[in-house]
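Since the structure is predicted, the reported quantities are computational estimates derived from the model, not experimental observations. Every chain is numbered from 1 and lettered A, B, ... according to where its sequence line falls, protein lines coming before strand lines.
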4 protein chains.
Amino acid sequence: MQTSVQKMQSSPRGETATSILQAADELFGEQGLEGVSVRDVAERAGVNKALVFYYFASKEKLFEAVLERYYQAHRAALESAFNTDAPLAQKLHSLVDAYLDFIEQHRRYPSLVQSLVVGSPAFHPFIQRNLEPMFRFTEAALVGLSPEKGHLAARHFFLDISAAVINTFTWAPVLAPMWGGDPLAPAALAERRQHLHWLADALLAGLTRSPG
Amino acid sequence: MQTSVQKMQSSPRGETATSILQAADELFGEQGLEGVSVRDVAERAGVNKALVFYYFASKEKLFEAVLERYYQAHRAALESAFNTDAPLAQKLHSLVDAYLDFIEQHRRYPSLVQSLVVGSPAFHPFIQRNLEPMFRFTEAALVGLSPEKGHLAARHFFLDISAAVINTFTWAPVLAPMWGGDPLAPAALAERRQHLHWLADALLAGLTRSPG
Amino acid sequence: MQTSVQKMQSSPRGETATSILQAADELFGEQGLEGVSVRDVAERAGVNKALVFYYFASKEKLFEAVLERYYQAHRAALESAFNTDAPLAQKLHSLVDAYLDFIEQHRRYPSLVQSLVVGSPAFHPFIQRNLEPMFRFTEAALVGLSPEKGHLAARHFFLDISAAVINTFTWAPVLAPMWGGDPLAPAALAERRQHLHWLADALLAGLTRSPG
Amino acid sequence: MQTSVQKMQSSPRGETATSILQAADELFGEQGLEGVSVRDVAERAGVNKALVFYYFASKEKLFEAVLERYYQAHRAALESAFNTDAPLAQKLHSLVDAYLDFIEQHRRYPSLVQSLVVGSPAFHPFIQRNLEPMFRFTEAALVGLSPEKGHLAARHFFLDISAAVINTFTWAPVLAPMWGGDPLAPAALAERRQHLHWLADALLAGLTRSPG
DNA sequence: GATGAATGAGTATTCATTCAT
DNA sequence: TATGAATGAATACTCATTCAT
């Protein structure tokens with residue numbers, strides 16, 4: 001249950017390294033890889049610029065370290081939601097909730113990843129390693145209902161639901177006008193959560209009617 | 001019906017301006033606003049760097065010119081799909097098809113927009129102007145079925161479907177492994193299109209059963 | 001008496017050339033040689049940029065043309081003040097008045113010249129040709145009173161008075177606070193004129209007492 | 001008495017910063033703010049261009065650093081000349097000598113300031129802060145003799161004398177022909193100094209005779 | 001561990017000038 | 001005469017990275 005990034009310490013420890021990682025987390029999440037300079041990170045962390053290189057070798061490696069923390073936390077979150085004996089429908093709802101809970105705790109995560117998918121092919125293998133286990137959970141959850149191939153294969157649902165969850169956050173700033181306010185405000189998020197559960201049910205209902 | 005960007009020349013004409021616009025289109029679509037330098041654009045277009053400024057005044061204005069072409073084409077595509085007398089279900093399918101057709105013809109468009117949403121707040125008003133009319137189409141299509149407020153309001157479906165369509169393209173490079181090949185290959189895209197139609201029907205079915 | 005620059009047409013005539021010259025006059029006077037671009041001049045004149053080069057060959061030559069107009073007008077102004085049969089004191093007052101009248105009509109002139117003295121050695125010969133005849137007037141006016149050599153030679157008085165007149169205008173913007181308002185406002189200028197006459201008298205009085 | 005700029009190191013220390021400041025001092029004094037590029041400064045100082053920004057943040061800030069050193073030295077020079085118990089006439093002569101001594105030691109100072117007055121309005125407040133205390137000295141020296149208002153107010157004499165002193169240096173290069181040699185050669189300067197003392201006396205004599 | 005100094009390559013943008021039409 | 005297009009060099013400034021101490 002303890003999937004918070006703050007509580008996990010990957011590679012380098014020590015106060016200095018941690019404060020750099022924390023600063024990098026905040027800045028990269030807000031402005032992406034290219035929008036942030038090493039100087040920015042060092043200043044926000046309150047350390048000497050050269051120390052960033054001493055601890056993380058390069059800006060890209062620092063970015064990877066930030067991503068890695070999220071990756072582990074994200075995977076752990078979905079894993080624990082999946083590993084229950086609950087029936088299918090309930091398991092799906094747990095996955096949706098786990099996904100939303102994780103992002104609500106780590107709001108910068110979707111933007112961070114999105115900024116890499118478009119623009120930094122070098123990071124694609126990294127993201128693929130990240131995505132795969134989560135896809136396996138979805139696939140396992142739908143086994144029996146969803147065929148292995150064709151337009152009802154699990155991968156389509158994985159994409160539909162991931163997109164519906166993630167874009168809630170990445171698109172939030174531009175959706176504000178048609179939402180009549182911040183789509184990430186607590187009430188709006190609760191409503192969106194309700195909708196996503198409804199969506200999962202609607203997809204399951206459709207799948208059950210269609211020939212699996 | 002003539003919504004292809006290549007066929008529309010809004011901004012300045014002349015071979016040179018066109019080749020700059022074309023080069024900018026390609027590069028921005030691949031690497032985003034910050035990943036591309038004016039030097040890159042000029043080199044790809046085979047023109048002097050200063051000419052980019054002669055024709056487009058600034059890098060940001062050039063980016064806007066590229067976006068504007070897409071914006072007009074995109075809007076026109078959805079508009080003509082919506083303006084039919086077909087019944088609701090059929091109208092929704094037309095919208096999905098128009099959306100997909102447009103992106104298939106302009107594959108860089110989703111990445112272009114996505115790179116702005118995450119990372120360039122300055123362009124958010126521009127995107128909002130773009131999004132709004134398309135949201136109005138969806139809203140109008142669902143009127144009667146979908147309540148004005150709450151978790152079944154039209155805006156949720158607009159987000160679900162837009163995300164499912166757009167992320168098909170923006171996420172394609174990282175989805176390849178779990179797709180067992182390029183998700184944008186013709187066969188894969190045809191399958192995805194079939195799924196998205198199924199998705200629209202499933203959502204409609206759910207809405208019809210739920211209290212609107 | 002007709003010493004206005006606007007009425008004199010040196011080298012190239014024609015409406016286009018005149019409007020360029022006029023625009024250059026205004027802009028160079030406000031922002032100096034380096035603060036103004038050929039594009040600025042062309043825009044203010046409402047003509048094509050290339051025409052500036054067609055008529056004036058280069059930016060520097062255009063600047064020279066502007067200066068040349070002032071030079072002729074300035075010389076004519078002092079000349080007519082000097083060529084009277086009035087006694088010495090009155091002749092000096094006429095020179096001071098002519099100097100002030102000219103600058104009041106062509107307020108940009110002192111700044112124009114000052115910006116060249118500091119910063120553009122290439123223009124020094126030009127300015128020297130400009131200065132020399134005016135020095136000769138002063139020298140001739142003081143002949144008999146002022147020795148040819150030493151600390152009471154005419155050149156010192158030429159420098160004193162020129163500086164007192166010209167710096168009134170060039171320093172005006174930074175003198176404003178200690179003047180309690182714009183030193184170039186009509187009332188302030190009238191007072192300064194009165195002072196400069198007093199100064200000329202004081203110098204003459206001193207010279208008369210000292211051994212010439 | 002220690003008013004030499006070389007001996008004062010206000011801004012950053014260290015050999016590199018000093019050599020940049022020195023190079024900037026020379027170049028700005030010769031060619032003004034706009035006539036000098038950061039590349040020029042770095043080359044003359046023999047350091048990497050980026051180091052100029054490392055130490056001084058921007059070209060304008062570098063210029064300010066150069067000016068600030070002069071400003072402090074200038075003010076100190078006049079202050080110590082004024083703070084004596086000598087009678088009025090002698091105090092005025094001390095001020096003239098202090099002014100001349102200072103500029104002889106810092107010959108680039110007048111050009112530096114002059115280039116700002118004409119052409120860089122952004123620096124006017126800086127110059128005004130510089131000018132004001134010196135004006136106060138003059139005003140205090142003439143108190144009783146010179147009325148507060150009108151054409152004999154202290155500000156006019158401040159302008160007359162400042163102009164006569166400063167223009168000696170700023171105009172030197174174009175005055176050479178009528179001086180029959182360099183006006184800044186030792187003998188010529190000594191003669192000019194003698195004249196300026198004579199000028200101060202002549203103004204005092206005039207003031208004494210006129211109604212104060 | 002930590003720091004200040006140093007660097008080379010890169011960024012967007014401007015400019016005076018030229019030239020074909 | 002007049003113009004739109006084209007160009008090469010320059011400008012202030014930033015950045016990731018290295019290194020001696």
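- One can place CD1 of D:Ile20 at 13 Å from C1' of E:dT7, the figure rounded to the nearest angstrom.
- Summarising the geometry, the separation between CZ on B:Phe63 and P on E:dT11 is reported as 17 Å, rounded to the nearest angstrom.
- Comparing E:dG1 with F:dT21, their P atoms sit 22 Å apart, to the nearest whole Å.
- The CG atom of D:Asn48 sits 7 Å away from the C1' atom of E:dA6 (whole-angstrom rounding).
- Looking at residues two or more places apart in sequence or on another chain, you find a ring-ring contact (aromatic ring centres under 6.0 Å, His included) between A:Phe63 and A:Phe28, A:Phe123.
- Taking atom CD on A:Glu43 and atom C1' on E:dT3, their separation rounds to 15 Å, with Å as the unit.
- Note that CG of C:Leu116 is 4.5 Å distant from CD1 of C:Ile127, once rounded to the nearest 0.5 Å.
- Judged as a side-chain hydrogen bond (donor to acceptor under 3.5 Å, both in side chains), the pairs with a partner in residues 31-41 of chain A (not counting sequence neighbours) are, in order, A:Ser37-A:Asp40.
- Atoms CG (D:Leu51) and C1' (E:dT7) sit 8 Å apart, rounded to a whole Å.
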### Query
When you check every protein heavy atom under 4.0 Å of nucleotides 14-21 of chain F, what one-letter string (B, S, -) results, 5' to 3'?
BBSBBB--

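- Each end of the helix from E:dA2-F:dT21 to E:dT21-F:dA2 gets its own rotation axis from five pairs of C1' atoms, and the angle between them is 20° to the nearest 10 degrees.
- When distances run from any side-chain atom of A:Tyr55 to the nucleotides E:dA6, E:dA2, F:dA6, the shortest one goes to E:dA2.
- Between A:Phe56 atom CZ and E:dG1 atom P the separation is 12 Å, expressed in whole Å.
- Shown here are the side-chain contact (heavy atoms from CB on, under 4.5 Å) partners of C:Pro173, two or more places apart in sequence or in another chain: D:His124.
- For residues 30-51 of chain B, no pair satisfies ring-ring contact (aromatic ring centres under 6.0 Å, His included), with sequence neighbours left out.
- For D:Glu26, the salt bridge (Lys or Arg N to Asp or Glu O under 4.0 Å) partners two or more places apart in sequence, or in a different chain, are D:Arg44.
- Pairs engaging residues 109-119 of chain D under the side-chain hydrogen bond (donor to acceptor under 3.5 Å, both in side chains) rule: C:Trp171-D:Gln114, D:His74-D:Tyr109, D:Tyr109-D:Asn130 [sequence neighbours left out].
- Rounded to an integer number of Å, the gap from C:Leu27 CG to E:dC15 P is 12 Å.
- Sorted by first and then second residue, the salt bridge (charged side-chain N to carboxylate O under 4.0 Å, His left out) pairs with a member in residues 120-131 of chain C read C:Glu68-C:Arg129; sequence neighbours excluded.
- In this structure, D:Phe28 places its CZ atom 12 Å from C1' of F:dA12, rounding to the nearest Å.
- In this model, the phosphate group of E:dT13 is not approached by any side-chain N or O of B:Tyr54 to a distance below 4.0 Å at OP1 or OP2.
- With hydrogens and angles disregarded, a donor-acceptor distance shorter than 3.5 Å links the side chain of C:Lys59 to the backbone of C:Leu33.
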